[in-house]
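Each remark here refers to the structure printed beneath this line.
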Amino acid sequence: MPEAKRRILCAESNRDVGELIALMLNRKGYEVESVQTAADCLKLAATDRFDLYILNDTYIDADSLELCRQLREIDPATPVLLFSLESSGPHRRQALQTGIKIYKSKTSDFVSLVQTIDRLLQN
């Protein structure tokens with residue numbers, strides 16, 4: 001029986017960036033659901049099971065730290081990766097304290113993002 005694809009929920013407010021992430025991850029064999037708002041992310045997280053959540057810095061309806069707190073209430077175990085415009089500083093520390101497992105800067109290339117996800121989901 002073939003192994004089930006690992007499922008990723010990508011909550012990226014920029015449609016083009018979200019589509020690029022989904023395209024790259026689909027090519028690696030992941031199943032990706034893409035949303036652009038925190039509300040849509042929470043709705044899917046409450047009804048479906050995912051192996052990873054990818055969050056952006058901000059959304060029209062919330063910020064990433066609040067979204068992570070709400071995701072943790074729904075699903076305390078699934079890893080959360082924050083793909084952030086900021087590479088360091090207080091936001092990074094707050095993010096890690098909120099329950100974000102990996103903090104990846106958007107100054108990194110997308111290949112590096114996919115490699116990080118591969119390593120994270122190998123466990």
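Bear in mind the structure is a predicted one, so any value in this text is a computation, not a measurement.
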| query | Think Arg6 forms a cation-pi with Tyr30, using NZ or CZ under 6.0 Å from the six-ring centre and within 45 degrees of its axis? | reply | no
| query | Do you know which two heavy atoms are closest between Gly18 and Ser34, and how far apart they sit? | reply | O-OG, 3.9 Å
| request: Can you see which heavy atom on Leu121 is nearest to which on Asp51, and at what distance? | output: CD2-O, 3.5 Å
| field | Atom of Arg49, atom of Arg7 and distance for their closest heavy-atom approach | value | O-NH1, 2.8 Å
| field | Spacing of CZ belonging to Arg72 relative to CZ belonging to Arg69, to within rounding of 0.5 Å | value | 12.5 Å
| task | Would you indicate whether the side-chain heavy atoms of Glu33 and Asp48 approach each other to under 4.5 Å? | result | no
| query | Shared ILVMFWY cluster between Val32 and Val111, side chains joined below 4.5 angstrom? | reply | yes
| field | Atom pair CG (Leu113) and CG (Asp118), whose distance is rounded to the nearest 0.5 Å | value | 9.5 Å
| For the student: nearest non-hydrogen atoms of Ala38 and Asp61, plus distance | N-OD1, 3.0 Å
| request: Only one of Leu55, Val35, Asn56 passes side-chain contact (heavy atoms from CB on, under 4.5 Å) with Glu12; say which it is. | output: Asn56
| request: Please tell me if the side chains of Cys41 and Leu67 come closer than 4.5 Å, counting only heavy atoms from C-beta onward. | output: yes
| task | Treat each ILVMFWY residue as a node, draw an edge where side-chain heavy atoms are under 4.5 Å apart, and state whether Val114 and Leu23 are in one component. | result | no
| Minimum heavy-atom distance between Leu44 and Phe50, given as atom pair plus value | O-CE1, 3.8 Å
| Can you tell if the side chain of Ile54 reaches within under 4.5 Å of the side chain of Leu25, non-hydrogen atoms only? | yes
| Gap between atom CE of Met24 and atom CG of Asn26 - 0.5 Å precision | 11.5 Å
| task | Apply the test side-chain contact (heavy atoms from CB on, under 4.5 Å) to residues Tyr53 and Asp75: give CA-CA distance (whole Å), side-chain angles for both, the deciding distance (0.1 Å), then the verdict. | result | CA-CA 10 Å; Tyr53 301 110; Asp75 180 357; 2.9 Å; yes
| request: Check whether any side-chain heavy atom of Leu71 lies under 4.5 Å from a side-chain heavy atom of Leu42, and answer yes or no. | output: yes
| task | Kindly work out whether a path of hydrophobic side-chain contacts (I/L/V/M/F/W/Y, heavy atoms less than 4.5 Å apart) joins Ile74 to Tyr59. | result | yes
